[in-house]
Peer 1: 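Sharing a structure here in structure tokens format.
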Number of protein chains: 2
Amino acid sequence: MQEIAAISKALGEENRLRAVTALQGREMCVCQLTELLGLAPSTVSKHMAVLRAAGLVESWKEGRWVHYRLANRGAPPAVRQALAWAAKWLQGSPRARQDAARLKKILRLDKEELCRRQGRCRG
Amino acid sequence: MQEIAAISKALGEENRLRAVTALQGREMCVCQLTELLGLAPSTVSKHMAVLRAAGLVESWKEGRWVHYRLANRGAPPAVRQALAWAAKWLQGSPRARQDAARLKKILRLDKEELCRRQGRCRG
DNA sequence: GGTACAATTCGTCATGTGGCGAAGTATAAT
DNA sequence: ATTATACTTCGCCACATGACGAATTGTACC
């Protein structure tokens, strides 16, 4: 029951739902998610930690970057079904559409430029 | 997206999951739920209000009693599917089993006796 | 080694949430 | 009308959570 509660709780927050939706069909690093969500990196990191603790996403390091993807393959059935549920009903949501448009632009930028846009590279 | 978040948030709490599980296939009044969950009536009432706001349960008055049932019929598909998901994966949970056993006994008592057991009738 | 930098962790704050008991509301019984 | 009672609302408290910036960590590049 705790596992089901953890999954539900993880999905019970708008910004995390936005992240999950953005990860539909692609991998993203934290800096891309940060740009999309418009939150501080530390905040995004915490959100992703919640999603990972619930088993909804998995992450791995590649150089300095940490990539996240949905835990579709090899995840418990309850998790897969929850993700499918969220994806299905968020599809038409205005917020999801809006994010999808912004995401397109973000994915076109390379990471250096992204960083510059966030104003954290001019040390 | 807010609706999906509200549904998830409502299900993201153990006692509310217990209530939803108990309502599987039956209606219950608040005093029965209170006995099952072992919480104060006011707390149970608040939990049920959250579930109702998310569209997961519906309630109606019958005399002094307020009955709750799952919002299966006529509810939005996202709600029905969420309830089905929760029911499916809570089935085997130890907590759910334990509650099911206690629930059997509670349902055998009539409401007067229930009230007496809760020690709120000896004004 | 030293610097740059993506990400996380830490410290802090404001707000949200779960819990209770007391007070209030609505309905039944006397 | 008065009392009893099933539930909700209100007021309060302790704790959880989302947000940020600062400090820390791990990795690449001089």
Side-chain angles (χ1 to χ4, degrees), chain A residues 2 5-6 8-19 27-54 57-68 109-123, chain B residues 2 5-6 8-19 27-54 57-68 109-123:
Chain A
Q2 283 173 330
S8 303
K9 201 180 287 189
L11 292 176
E13 209 276 337
E14 284 226 49
N15 289 322
R16 287 197 290 266
L17 278 182
R18 292 172 70 199
E27 309 168 353
M28 292 177 71
C29 68
V30 177
C31 86
Q32 291 173 316
L33 286 164
T34 298
E35 179 70 11
L36 176 69
L37 299 178
L39 297 172
S42 58
T43 304
V44 175
S45 189
K46 230 200 274 186
H47 278 314
M48 298 315 289
V50 170
L51 288 171
R52 190 177 41 203
V57 304
E58 35 190 41
S59 66
W60 72 99
K61 263 190 120 159
E62 181 201 341
R64 278 169 289 180
W65 291 278
V66 174
H67 293 265
Y68 283 91
L109 306 171
D110 65 12
K111 297 196 180 66
E112 322 299 334
E113 191 168 352
L114 236 189
C115 183
R116 223 168 287 126
R117 281 170 57 90
Q118 290 174 3
R120 297 190 291 119
C121 289
R122 306 189 217 98
Chain B
Q2 284 173 329
S8 302
K9 201 181 286 191
L11 291 176
E13 210 277 336
E14 283 226 50
N15 288 322
R16 286 196 291 265
L17 279 182
R18 294 172 69 198
E27 308 168 353
M28 291 177 70
C29 67
V30 176
C31 87
Q32 291 172 316
L33 285 164
T34 298
E35 179 70 11
L36 176 68
L37 299 178
L39 297 172
S42 58
T43 304
V44 174
S45 190
K46 229 199 277 186
H47 278 312
M48 299 314 291
V50 170
L51 289 171
R52 189 178 41 202
V57 305
E58 35 190 41
S59 66
W60 72 100
K61 264 190 118 161
E62 181 200 341
R64 278 169 290 180
W65 290 278
V66 175
H67 294 266
Y68 284 91
L109 306 170
D110 66 12
K111 297 197 181 63
E112 322 300 334
E113 189 167 352
L114 236 189
C115 183
R116 223 167 286 125
R117 281 169 57 91
Q118 291 174 2
R120 297 189 292 120
C121 290
R122 306 189 215 95

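Note on naming: letters A, B, ... go to the chains in the order of the sequence lines (proteins, then strands), and numbering restarts at 1 for each one. Hydrogens, waters and symmetry mates play no part in the numbers below; they use all other heavy atoms, side chains included.
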Peer 1: Quick check for you: among D:dA19, C:dA7, C:dC20, whose closest atom lies nearest to any side-chain atom of A:Leu39?
Peer 2: D:dA19
Peer 1: Round to the nearest Å and state the distance from B:Glu14 atom CD to C:dG19 atom C1'.
Peer 2: 15 Å
Peer 1: Dot-bracket for DNA chain C, please. Rules: Watson-Crick or G-U, both distances under 3.5 Å, ( ) within the strand, [ ] when a pair crosses earlier ones, | for another strand, . otherwise.
Peer 2: ||||||||||||||||||||||||||||||
Peer 1: Could you tell me which non-hydrogen atom of B:Ala19 sits nearest to which non-hydrogen atom of B:Leu37, and how far apart they are?
Peer 2: N-CD2, 4.3 Å
Peer 1: Identify the residue among B:Gln32, B:Glu58, B:Glu62 that makes a side chain to side chain donor-acceptor pair (under 3.5 Å) with B:His67.
Peer 2: B:Glu62
Peer 1: Give the nucleotide from the list D:dT9, D:dA19, C:dT8 with an atom nearest to the side chain of A:Ser45.
Peer 2: C:dT8
Peer 1: Listing time: all N or O pairs from protein to nucleotides 25-30 of chain C that are below 3.5 Å?
Peer 2:
from	atom 1	to	atom 2	distance (Å)
C:dA26	O3'	B:Lys61	NZ	3.4

Peer 1: Should B:Tyr68 be listed as having a side-chain N or O under 4.0 Å from OP1 or OP2 of D:dA6?
Peer 2: no
Peer 1: Has B:Thr43 got a side-chain N or O lying under 4.0 Å from the OP1 or OP2 atom of C:dC20?
Peer 2: yes
Peer 1: Can you measure A:Leu33 atom CG to D:dG18 atom C1' for me and round it to whole angstrom units?
Peer 2: 17 Å
Peer 1: With a 4.0 Å heavy-atom cut-off, tell me which residues in residues 46-53 of chain B come close to DNA chain C, sorted by residue number.
Peer 2: B:Lys46, B:His47
Peer 1: With respect to the side chain of B:Lys9, which nucleotide from C:dT17, D:dT9, C:dA7 is positioned closest?
Peer 2: C:dT17
Peer 1: The side chain of B:Val66 lies closest to which of these nucleotides: D:dG18, C:dT8, D:dT8?
Peer 2: D:dT8
